[in-house]
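Working notes for the structure below.
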Amino acid sequence: MKNSEKKRILVVEDEEHIAEGLKLNLSFQGYEVLLAFDGASALQKWKEWRPNLIVLDIMLPVIDGLSVLRSIRLEDERIPILILSAKGDSRDKVKGLSYGVDDYLSKPFNLEEFLLRVERLLTHVSWYSNASDSDNVSLLPQTYTFGSNKIDFHTSTACCKLGKICLTEQEAKLLKLFIANRGKPLSRSKLLEIGWGYTGKTTTRTVDNFIVRLRKYFEDNPKKPVYFKSLRSVGYVFDHDSDGF
């Protein structure tokens with residue numbers, strides 16, 4: 001590698017022989033590689049290890065790859081993510097790109113092409129990291145307004161009917177998830193996957209409790225919500241009339 005600093009790559013792949021093969025070849029290129037074999041462990045290792053790049057399969061146990069992608073993008077918009085998937089349908093590619101993936105390679109793939117794509121993504125992210133903060137274009141706004149409520153994600157605070165409140169990390173993440181999917185129904189299971197990195201220990205009641213809290217903050221009448229609405233047998237949807245940006 002041209003850069004003396006070893007770049008860390010998290011490979012998320014449930015087929016062990018493919019994962020080990022990728023690890024071996026990436027290691028030969030001078031990268032430090034960590035493996036994850038399901039979506040839940042991928043999110044855990046991403047948070048703990050903070051890799052420079054993620055190679056991500058879509059069809060994963062516990063949490064699917066697209067949910068992993070969406071969860072990471074709520075907190076980190078810059079880390080390059082390369083999807084490696086047997087699902088080569090154009091609709092899957094479009095969905096991955098809409099969720100913020102940087103590159104998409106269908107299985108079976110050419111190893112040399114894969115290694116070149118990895119190198120290119122890491123080169124591009126090094127350019128971005130050298131740019132000033134003012135050059136960064138966020139996928140989600142730092143401030144968001146709906147009704148008489150204003151959220152500042154930079155300071156993790158909100159101005160609402162209760163005055164100025166400090167948001168917990170989980171509250172801010174859940175709000176980002178709703179804002180990113182404004183007007184779209186989100187099931188409890190999908191909220192658990194993306195918002196919590198569902199491992200089986202978290203219950204759907206956890207989601208309901210957080211919704212109660214958000215309604216208390218942002219609804220004029222929490223018992224008759226206009227922003228965070230329940231959808232019977234589905235989950236919840238967040239929406240409002242004004243632009244919000």
Side-chain angles (χ1 to χ4, degrees), residues 1-90 92-131 135-136 139 193-194 196-200:
M1 292 180 65
K2 295 178 181 179
N3 194 330
S4 59
E5 180 187 352
K6 268 196 173 186
K7 299 295 184 182
R8 299 185 303 279
I9 298 177
L10 175 62
V11 174
V12 188
E13 168 63 64
D14 64 324
E15 295 187 54
E16 190 171 342
H17 68 285
I18 295 179
E20 292 292 350
L22 291 174
K23 180 178 182 180
L24 181 65
N25 283 280
L26 288 168
S27 298
F28 284 157
Q29 299 299 312
Y31 301 115
E32 188 177 349
V33 184
L34 188 65
L35 300 179
F37 300 104
D38 63 69
S41 63
L43 287 173
Q44 181 181 358
K45 291 178 180 181
W46 160 68
K47 289 181 179 180
E48 294 175 352
W49 199 50
R50 291 297 174 181
N52 301 106
L53 178 143
I54 298 174
V55 177
L56 180 65
D57 189 15
I58 288 182
M59 300 175 68
L60 295 170
V62 187
I63 304 176
D64 67 86
L66 290 178
S67 292
V68 171
L69 168 64
R70 294 169 76 183
S71 181
I72 290 172
R73 282 292 178 247
L74 291 175
E75 298 183 37
D76 190 335
E77 297 162 1
R78 282 183 155 184
I79 183 172
I81 299 177
L82 165 63
I83 281 183
L84 267 186
S85 179
K87 299 180 72 174
D89 187 275
S90 60
D92 295 313
K93 291 183 179 180
V94 169
K95 188 176 290 187
L97 291 168
S98 70
Y99 291 158
V101 75
D102 297 279
D103 206 350
Y104 197 115
L105 195 58
S106 300
K107 298 177 183 176
F109 56 89
N110 178 278
L111 178 61
E112 185 177 0
E113 180 185 358
F114 165 73
L115 294 173
L116 285 171
R117 287 178 183 242
V118 166
E119 183 181 7
R120 180 183 64 85
L121 287 172
L122 287 170
T123 300
H124 285 183
V125 80
S126 68
W127 293 344
Y128 301 147
S129 63
N130 290 331
D135 293 330
N136 181 35
L139 298 177
E193 284 184 4
I194 302 171
W196 275 267
Y198 179 62
T199 61

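Since we're looking at a predicted model, the values are computed, not measured.
Looking only at side-chain heavy atoms (C-beta outward), D57 and K107 come within less than 4.5 Å of each other. Side-chain contact between Y104 and L97 is absent, with no heavy-atom pair separated by less than 4.5 Å. Between F109 and R117 the shortest side-chain heavy-atom distance does not fall below 4.5 Å. Side-chain atoms of V68 and W46, non-hydrogen and from C-beta on, never get closer than 4.5 Å to each other. When side chains are defined from C-beta on, L84 counts as touching L105, because their heavy atoms get closer than 4.5 Å. Side-chain contact between F114 and L22: present, with at least one pair of heavy atoms (C-beta onward) separated by less than 4.5 Å. Counting heavy atoms from C-beta on, the side chains of V33 and L35 come closer than 4.5 Å. Within the 4.5 Å cutoff, no side-chain heavy atoms of Q29 are placed close to those of E119.
Atom CD1 of I58 sits about 12.0 Å away from atom CG of D14, to the nearest 0.5 Å. With rounding to the nearest 0.5 Å, the separation of CG in L56 from CG in L82 is 9.0 Å. Distance check, rounded to the nearest 0.5 Å: CG of D103 to CG of L121 gives 5.0 Å. For the atom pair K93 NZ and S98 OG, the distance stands at 14.5 Å (nearest 0.5 Å). In this structure, E75 CD and L43 CG are separated by 9.0 Å, a value rounded to the nearest 0.5 Å. The distance from atom CD1 of I194 to atom OH of Y99, rounded to the nearest 0.5 Å, is 7.0 Å.
At distances below 3.5 Å, at least one donor-acceptor pair connects side-chain atoms of R8 with backbone N or O atoms of R50. Between the side chain of S27 and the backbone N or O of K23 there is at least one donor-acceptor pair closer than 3.5 Å. R73 contributes a side-chain N or O that, together with a main-chain N or O of G100, makes up a donor-acceptor pair within less than 3.5 Å. Using a distance-only test at 3.5 Å, with no hydrogens or angles considered, no donor-acceptor pair links the side chain of E15 to the main chain of H17.
Between V118 and L53, the closest heavy-atom pair is O-CD1, 4.0 Å.
Applying the salt bridge (Lys or Arg N to Asp or Glu O under 4.0 Å) test to E20 and every residue at least two apart in sequence or in another chain returns nothing.
Paired with I83 under the rule side-chain contact (heavy atoms from CB on, under 4.5 Å), one option of V12, L66, V55 passes, and it is L66. Here the rule is side-chain contact (heavy atoms from CB on, under 4.5 Å) with I54, and of I72, I9, V101 only I72 fits it.
The pair D38-K45 does not meet the salt-bridge criterion, since no charged nitrogen lies less than 4.0 angstrom from a carboxylate oxygen.
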>> One pair to check against side-chain contact (heavy atoms from CB on, under 4.5 Å): N52 and L122. What are the steps and the verdict?
In response: CA-CA 7 Å; N52 301 106; L122 287 170; 3.9 Å; yes

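Other residues, nucleotides and ligands place no more than 12 heavy atoms under 6.0 Å from the CD atom of E112.
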